[in-house]
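This report concerns only the one structure given below.
We count ligands from 1, going down the list as the structure has it; atoms in each ligand are counted the same way. Residues: numbered from 1 along the sequence shown.
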Amino acid sequence: MPDIAFINGRFLPWQDATVSIDDRGFQFGDAVYEVIRTYRGAPFEVGAHLDRLDRSATQLSIPQPYTRRQWVQWIQHGLSLAGYQDAKIYIQLTRGVAPRDHTFPSESRPTVVMTIRALHPLSPETRRSGVTACTCEDLRWGRCDIKSVNLLANVLAREEARKAGVFEAILVRDGFVMEGAVSNVMAVQGGVIITAPESPRILSGVTRTVVLQLAREEEVIVDERFLSIDSLYQADEVFLTGTTLEVLGVVQIDGKLIGSGRPGPITQALAARWALLTG
Ligand code: PLP
């Protein structure tokens with residue numbers, strides 16, 4: 001089964017899928033993106049992802065080239081070509097090709113890139129034992145709510161995590177936890193889930209929204225506020241949420257054990273609810 005590439009309304013062999021060096025996505029990071037996954041061949045929360053793509057594009061005045069219906073058709077077509085049960089769909093929308101100049105071009109057509117690749121899920125053992133993390137200073141810009149391809153600060157944080165031999169980098173601003181480099185971060189203290197509120201400081205994850213809904217259905221109180229780094233270290237449980245991570249326990253941060261050093265009961269309950277929802 002092949003990985004699938006799509007550019008501006010055409011499915012292409014991977015090696016032929018190229019964009020111009022004048023593309024503003026390449027020149028300026030002037031682009032937004034989405035990552036959607038499938039479960040048993042069906043895209044999960046596709047409406048929420050396409051809503052967020054619209055929101056991100058609108059915030060940057062990048063025109064949306066396709067209707068919702070067209071997007072869903074392109075995605076379905078690509079999935080049928082790829083044939084993967086567990087696929088990762090990557091969509092990028094740039095402001096298009098124009099001679100290099102910072103100001104918006106008077107004329108340009110957005111570039112649309114989509115790829116569909118096999119998704120390799122985390123091992124059940126990693127999910128059972130949980131992962132480790134380090135904290136890093138959050139060097140990102142002031143509009144982290146826009147899912148833009150300007151990911152240099154995230155890249156540097158992930159590299160710091162890799163060098164530290166841990167799974168995720170938790171981004172901290174002025175002593176408070178924002179989110180992970182590729183995930184949202186939730187802590188549990190006294191049975192209450194605490195997570196950063198939706199704001200320009202974080203990307204509001206599609207998984208975050210669904211997990212908080214599941215938590216409320218389980219009658220777990222959710223407190224959306226910024227948590228200090230010291231409170232994070234002292235939390236009973238910490239977990240990450242994200243499209244490919246789902247609900248993933250964090251058992252050690254900066255070398256300090258979180259709770260019992262195993263994913264805690266609320267993390268496990270939400271991971272089980274997630275598995276039921278998507279299985
Ligand atoms: N926060 C950041 C910075 C991310 O990059 C991501 C995912 O890529 C998330 C949160 C989680 O978002 P979602 O649940 O929509 O995948």
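- The protein heavy-atom contact nearest to atom 11 (C) of ligand 1 is Asn184 OD1, 3.8 Å.
- Residue-to-ligand polar distances keep Arg140 apart from ligand 1: every N/O pair is separated by 3.5 Å or more.
- Of the charged side-chain nitrogens involved, none lies within less than 4.0 Å of a carboxylate oxygen, so that Glu45 and Arg37 do not count as a salt-bridged pair.
- Contact annotation: for Cys144 versus ligand 1, there are no heavy atoms closer than 4.0 Å.
- Taking a cutoff of 4.0 Å between a charged side-chain nitrogen and a carboxylate oxygen, Arg52 and Asp54 do not qualify as a salt bridge.
- Of the charged side-chain nitrogens involved, at least one lies within less than 4.0 Å of a carboxylate oxygen, so that Asp51 and Arg68 count as a salt-bridged pair.
- In this structure, Arg162 does not pair ionically with Glu168, as no charged nitrogen and carboxylate oxygen lie closer than 4.0 Å.
- Under a 4.5 Å side-chain heavy-atom cut-off, the cluster of Ile, Leu, Val, Met, Phe, Trp and Tyr residues that includes Ile266 is completed by Tyr39, Phe44, Met186, Val188, Ile193, Val210, Val211, Leu212, Leu214, Val220, Val222, Phe239, Val247, Leu270, Trp274, Leu277.
- Considering both main-chain and side-chain atoms, Thr207 comes within under 3.5 Å of ligand 1 through a nitrogen or oxygen pair.
- Considering backbone and side-chain atoms alike, Thr243 places an N or O below 3.5 Å from some N or O of ligand 1.
- Proximity of Val35 to ligand 1 is not established, as no heavy-atom distance is less than 4.0 Å.
- Atom 5 (O) of ligand 1 has its closest protein heavy atom at Val182 CA, 3.6 Å.
- Of the protein's heavy atoms, Gly205 CA, 3.4 Å lies nearest to atom 12 (O) of ligand 1.
- In summary, Asp254 and Lys256 do not engage in a salt bridge, as defined by a charged side-chain N under 4.0 Å from a carboxylate O.
- Under the 4.5 Å side-chain heavy-atom criterion for grouping Ile, Leu, Val, Met, Phe, Trp and Tyr, Ile170 is connected to Ile194 within one hydrophobic cluster.
- In this structure, Glu179 does not pair ionically with Arg201, as no charged nitrogen and carboxylate oxygen lie closer than 4.0 Å.
- Annotation: Arg52 places an N or O atom under 3.5 Å from an N or O atom of ligand 1; distance criterion only.
- Checked for salt-bridge contact, Lys88 and Glu34 miss the test: no charged N lies under 4.0 Å from a carboxylate O.
- Residue contact check for ligand 1: Gly180 places a non-hydrogen atom closer than 4.0 Å to it.
- When the salt bridge (charged side-chain N to carboxylate O under 4.0 Å, His left out) test is applied to Arg262, no partner is found at least two apart in sequence or on another chain.
- With hydrogens left out, the protein atom closest to atom 8 (O) of ligand 1 is Lys147 NZ, 3.0 Å, a heavy atom.
- Close N/O approach between Asn154 and ligand 1 is not found [any backbone or side-chain N/O within under 3.5 Å].
- Among Ser183, Ala181, Ala196, the residue whose heavy atom lies closest to atom 9 (C) of ligand 1 is Ser183.
- Heavy-atom contacts of Glu179 reach the following atoms of ligand 1: 1 (N), 2 (C), 3 (C), 10 (C) (cutoff under 4.0 Å).
- For ligand 1, the polar-atom distance check finds no N/O of Leu203 at less than 3.5 Å from any of the ligand's N/O atoms.
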